[in-house]
Amino acid sequence: MFRQMFYFTAVVECGSFTGAAERCYISQSAISQQIRTLETELGVKLLRRENRRVSLTAAGEYFYRCSRRILDETEFLRRETCRIGQEGPQNES
């Protein structure tokens, strides 16, 4: 689900599947499939597809906010772990 959240937030932030595919360096069909799978697993529509543009449903707005927070926290966790690891062995017990 983590990868699906990443792709979903890219679609929302780019405003289209095509833009998200370019940002994520994967095909547009692969991103579309991941979002369809995510919506199927959740049992709700997250996006309204309208003339090559997308908009969020109410469930999509909630899922986007939470996904963005999780992805941001995960990136912070990664950065801090690397920073601490680069400080050297003096901090290890």
Side-chain angles (χ1 to χ4, degrees):
M1 181 174 277
F2 184 81
R3 185 172 304 250
Q4 291 169 330
M5 289 188 320
F6 179 77
Y7 292 151
F8 175 75
T9 59
V11 170
V12 172
E13 291 166 3
C14 292
S16 71
F17 286 88
T18 302
E22 290 172 7
R23 178 198 259 185
C24 297
Y25 303 104
I26 65 169
S27 70
Q28 184 271 331
S29 61
I31 263 205
S32 294
Q33 179 59 44
Q34 289 293 316
I35 301 303
R36 276 194 301 275
T37 300
L38 177 62
E39 289 177 324
T40 299
E41 288 174 0
L42 294 173
V44 297
K45 283 285 188 195
L46 300 172
L47 298 169
R48 285 186 220 70
R49 290 134 174 102
E50 306 157 341
N51 299 329
R52 296 188 168 262
R53 301 288 299 165
V54 295
S55 62
L56 292 167
T57 64
E61 289 179 30
Y62 175 76
F63 192 80
Y64 173 75
R65 283 193 314 272
C66 292
S67 293
R68 183 74 268 154
R69 193 167 47 245
I70 290 167
L71 293 169
D72 290 345
E73 285 291 319
T74 302
E75 177 57 21
F76 177 78
L77 171 64
R78 185 194 67 76
R79 279 194 324 267
E80 284 299 294
T81 301
C82 290
R83 183 187 65 74
I84 291 166
Q86 291 171 355
E87 287 180 356
Q90 70 273 11
N91 291 334
E92 296 177 10
S93 305

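We use all heavy atoms of the structure for the numbers below, so side chains are in, but hydrogens, waters and symmetry mates are not. All of these numbers come straight from a predicted model, not from anything done at the bench. Positions are given from 1, in the same order as the sequence printed here.
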Same apolar cluster: F6 and Y62, side chain cutoff 4.5 Å: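 No, separate clusters.
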What about I26 and F2, same hydrophobic cluster or not, with Ile/Leu/Val/Met/Phe/Trp/Tyr joined at side-chain heavy-atom distances under 4.5 Å?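 Linked within one cluster.
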Restricting to non-hydrogen atoms, name the atom on [X] and the atom on [Y] that form the minimum distance, rounded to 0.1 Å.
{"X": "I31", "Y": "C24", "result": "CD1-SG, 4.2 Å"}
{"X": "R23", "Y": "A10", "result": "NH1-CA, 3.5 Å"}
{"X": "I35", "Y": "Y7", "result": "CD1-C, 4.1 Å"}

What's the spacing between [X] [atom1] and [Y] [atom2] if we round to 0.5 Å?
{"X": "R65", "Y": "T9", "atom1": "CZ", "atom2": "OG1", "result": "14.5 Å"}
{"X": "E80", "Y": "E75", "atom1": "CD", "atom2": "CD", "result": "10.5 Å"}
{"X": "Q86", "Y": "T81", "atom1": "CD", "atom2": "OG1", "result": "11.0 Å"}
{"X": "S67", "Y": "D72", "atom1": "OG", "atom2": "CG", "result": "10.5 Å"}
{"X": "M1", "Y": "E41", "atom1": "CE", "atom2": "CD", "result": "5.5 Å"}
{"X": "F63", "Y": "L42", "atom1": "CZ", "atom2": "CG", "result": "5.5 Å"}

Run the salt-bridge test on [X] and [Y] with the 4.0 Å N-O cut-off and return the result as yes or no.
{"X": "E39", "Y": "R36", "value": "no"}
{"X": "R53", "Y": "E50", "value": "no"}
{"X": "R83", "Y": "E87", "value": "yes"}

Distance alone, cut at 3.5 Å: any donor-acceptor contact between the side chains of Q28 and S32?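 Short answer, yes.
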Decide whether T37 and Q33 meet the rule of one side-chain donor and one side-chain acceptor closer than 3.5 Å.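 The criterion, which ignores hydrogens and geometry beyond distance, is satisfied for Q33 and T37.
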Show, in sequence, the C-alpha distance, side-chain angles and deciding distance for S16 and T18, and conclude whether the side chain to side chain donor-acceptor pair (under 3.5 Å) test is met. CA-CA 5 Å; S16 71; T18 302; 4.9 Å; no
Hey, mind stepping through V44 and T57 against side chain to side chain contact (heavy atoms under 4.5 Å, CB included) and telling me if it holds? CA-CA 9 Å; V44 297; T57 64; over 6 Å; no
Please check if the side chain of R48 supplies one atom and the backbone of L56 the other of a donor-acceptor pair under 3.5 Å.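 A pair under 3.5 Å: yes.
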